[in-house]
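Worth saying up front: this structure is predicted, and the values here are computed from it rather than measured.
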Amino acid sequence: MTKTVILGVIGSDAHVVGITILEQALEAAGFDVVNLGVQTSQEDFVEATSANDAEAVLVSSLYGHAKQDCEGFHQRIADADLDVTTYIGGNLAVGQDDFEETRKFFRELGFDRVFNSETDPEDAIEALRADLDMRSTESEQESQTVSA
């Protein structure tokens with residue numbers, strides 16, 4: 001079963017390279033990706049999640065102002081009565097010295113996983129598969145394809 005994920009760059013951030021790479025990696029891994037692009041509002045993430053019955057939202061931010069851009073994000077998700085896994089990644093804070101502090105901050109905001117800008121897309125995909133309970137061996141995938 002294909003899982004739908006919403007992907008975008010939040011706030012006023014206009015960095016597109018990271019989400020383009022992530023979109024390609026997610027699609028190659030079998031996800032249905034709705035890429036909202038850059039400079040995406042919290043409302044747009046919530047609306048797209050609802051409209052596409054998405055299982056996960058992946059927020060990217062590279063310009064260092066994600067703390068401000070994400071305040072209240074999970075309240076909007078709750079207000080829309082959405083049950084969705086949320087990730088954030090990138091260069092999330094200006095002058096980010098200790099990423100563990102940054103990770104803690106975003107976990108407290110409600111994000112299920114927090115990644116730095118050095119994270120390999122495959123690591124995020126593996127985490128997403130685990131969080132969405134999509135783990136299966138290649139032989140199981142082949143048998144599902146054959147029996148379908």
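- Contact detail for I10 and C70: the closest heavy-atom pair is CD1-SG, 4.0 Å.
- Summarising the geometry of H15 relative to V38, their closest heavy-atom pair is O-CG1, 3.7 Å, with the distance given to 0.1 Å.
- Ion pair R113/D131 flagged as a salt bridge, since at least one NZ, NE, NH1 or NH2 atom sits closer than 4.0 Å to an Asp/Glu carboxylate oxygen.
- A donor-acceptor pair under 3.5 Å links the side-chain atoms of T40 to the main chain of G37, judged by distance alone.
- In this structure, V94 and Y63 approach most closely via the heavy-atom pair CG2-O, 4.2 Å.
- Pairing each heavy atom of L36 with each of I6, the nearest pair is CD1-CG2, 3.5 Å.
- At a cut-off of 3.5 Å, with distance as the only test, a side-chain donor of T86 or H74 sits close to an acceptor on the other residue.
- The main-chain N or O of E122 is found under 3.5 Å from a side-chain atom of D120 such that the two form a donor-acceptor pair.
- Taking the side chain as every heavy atom from C-beta outward, D13 and Q39 never approach each other to under 4.5 Å.
- No salt bridge links K104 with E101; every basic N to acidic carboxylate O contact stays at or beyond 4.0 Å.
- Looking only at distances, no side-chain donor or acceptor of S50 sits under 3.5 Å from a matching main-chain atom of V46.
- When atom types are taken as modelled, the side chain of E23 and the backbone of V34 share no donor-acceptor pair closer than 3.5 angstrom.
- Under the 6.0 Å cut-off for aromatic ring centres, F115 and Y87 qualify, their centroids lying closer than that.
- In terms of modelled atom types and a separation under 3.5 Å, the side chain of N116 and the main chain of T119 share a donor-acceptor contact.
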